Every structure is written in C-alpha cells, then in structure tokens.
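Quick one: structure below, then a few questions.
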Amino acid sequence: MLLNKRIQELELVMEFEKVEECFKEVSSWIENVGRKRLKETINLDDSLEMLLQAQKQFKEFDLIASEYCKRGQEALKKMNQWEDFSSVDVHSYRVKLQTYKDQLEEFCTQLDETRHRVCETVRLYEFFDKVRQGICCTEEGVKN
C-alpha cells in the first residue's frame, strides 16, 4: 500500500510539472497584463460616449482575460487529486498549487466585479442621458 501511494505521489508530481507550465503562463499574464488592464478601468470617463468606448475596450480585454481564467481553472481541475495526499514530499507542490489557485480566484473575481461595474455604469449613464433628453424636450415644449 505504501509503495502504491508513493507511486501515485510521483505520478502526481510528474503531472504537476506538466500542468505547471500552464499555471506559469496564466500567472504571468495576470501579473503583467491582466491586473494592469483592470486598474485602467477603475476611473471611468464622465461622458456616455467615452464610457461606451471604454466598455468596448473592456469587452475585448474581457474575452482574452476570461480565456486565461478558463485555462487556469481547467489546469486546476487536473490537480484536484492533490487534496488526497499529505506527505512531506508533496507539500511544496501543494503550496505552489494553492498560490496559483488563490491568484487565479482573486483575478477572476476582480474581472467579474469590473465587468459588472462597467455594465452598471453604462446603464446608469444611459438612463441619465435619457432623463436629460426628456428634460430638454420638456423645457422646449414649455417655451413654445
């Protein structure tokens, strides 16, 4: 039984090394591109026209970012079996895996929150624009 468990652990280590390349690529993209682009969307412009342009740019970024999130999540699924092993030899790999998982979850959550915030801000600005147009039309009607 011990030999079988040890063989399984070694197989997991080999699998981790294959999957780790994907983790490194996703992690690198998140740190070097993803987080910077999310920070750029913190201050949205004050005009509806500029906001719609920012939304368009964010949607393009969102497609790419969502693909990286999906790739990272698929890689993590492959490593779900790590939770069954607690030996000292596997510990360092579990720590790395948890680090990747935490980073990915945090980024994906921030992406979702930003997507929601951009959408709601556009809706709000569109509403205010309609209200403003309605007020202008009402004022013109009163003058005539």
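When a residue number appears, it is its place in the shown sequence, counting from 1. Being a predicted model, the structure only gives us computed values, none of them experimental.
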Taking everything shown except E49 itself, do over 12 heavy atoms lie less than 6.0 Å from its CD?
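No, CD of E49 has 12 or fewer neighbouring heavy atoms, counting only those of other groups under 6.0 Å.
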Would E120 and R123 pass as an ion pair if we require N to O under 4.0 Å?
yes
Kindly compute the distance separating NZ (K130) from CG (L48), expressed to the nearest 0.5 Å.
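Answer for the NZ-CG pair, K130 versus L48, is 10.0 Å.
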Between SG on residue C108 and CZ on residue R115, distance to nearest 0.5 Å
9.0 Å
Under a 4.5 Å side-chain heavy-atom rule over Ile, Leu, Val, Met, Phe, Trp and Tyr, are L12 and I7 clustered together?
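Different clusters: L12 never reaches I7 through Ile, Leu, Val, Met, Phe, Trp or Tyr contacts under 4.5 Å.
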Do L111 and F58 come within less than 4.5 Å of each other through their side chains, counting heavy atoms only?
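Yes, at least one pair of side-chain atoms sits under 4.5 Å.
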Let's go through V13 and E17 carefully: what are the C-alpha distance in whole Å and the side-chain angles of both, what is the deciding distance for side chain to side chain contact (heavy atoms under 4.5 Å, CB included) to 0.1 Å, and is it a yes or a no?
CA-CA 6 Å; V13 169; E17 290 172 354; 3.9 Å; yes
Side chains of Q57 and E40: any donor to acceptor distance under 3.5 Å?
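There is no such pair between these side chains.
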Consider only side-chain heavy atoms of I, L, V, M, F, W and Y, link residues closer than 4.5 Å, and tell whether V33 and F23 are in one cluster.
yes
Could you see if I135 belongs to whatever hydrophobic cluster contains F128? Use Ile, Leu, Val, Met, Phe, Trp, Tyr and a side-chain cutoff under 4.5 Å.
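Looking at the clustering, F128 is in the same group as I135.
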Y68 side chain reached by I30 side chain, heavy atoms, under 4.5 Å
no
S47 side chain near M50 side chain, heavy-atom distance below 4.5 Å:
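In short, these two side chains touch, coming nearer than 4.5 Å.
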How about Q133: does its CD atom have over 12 heavy atoms from other parts shown lying under 6.0 Å from it?
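For Q133, atom CD is crowded (more than 12 foreign heavy atoms under 6.0 Å).
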Nearest 0.5 Å please: distance from the CE atom of M79 over to the NZ atom of K18.
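With rounding to 0.5 Å, CE (M79) is 10.5 Å from NZ (K18).
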Roughly how far apart are L38 CG and D62 CG, rounded to 0.5 Å?
9.0 Å
Under 4.5 Å between any side-chain heavy atoms of L97 and L76, yes or no?
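Sidechains of L76 and L97: in contact.
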Between E106 and R35, is there a side-chain heavy-atom distance shorter than 4.5 Å?
yes
Got F107 and V26 here, is their nearest side-chain heavy-atom distance under 4.5 Å?
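In short, these two side chains do not touch, never coming nearer than 4.5 Å.
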Is there a side-chain contact between Q98 and D102 in this structure, where contact means two heavy atoms from C-beta onward sitting under 4.5 Å apart?
yes
Mind checking whether Y93 and F16 have parallel, tilted or perpendicular rings, split at 30° and 60°?
perpendicular
Just so I know, are the side chains of D129 and E126 near enough to count as touching, which here means a heavy-atom distance under 4.5 Å?
no
Hey, any chance V95 and M14 share a hydrophobic cluster, counting ILVMFWY side chains that come within less than 4.5 Å of each other, even indirectly?
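Shared cluster, no.
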As an exercise, state the distance from CD of E15 to NZ of K78, rounded to the nearest 0.5 Å.
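Those atoms lie 6.5 Å apart.
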So, T109 side chain and E105 main chain: donor-acceptor pair closer than 3.5 Å or not?
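Yes; judged by distance alone, with no hydrogens or angles, the pair exists.
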Would you give the length of the straight line joining atom CD of E25 to atom CH2 of W29, rounded to the nearest 0.5 angstrom?
11.0 Å
Nearest heavy-atom approach of C22 to R71 is SG-O, 4.0 Å
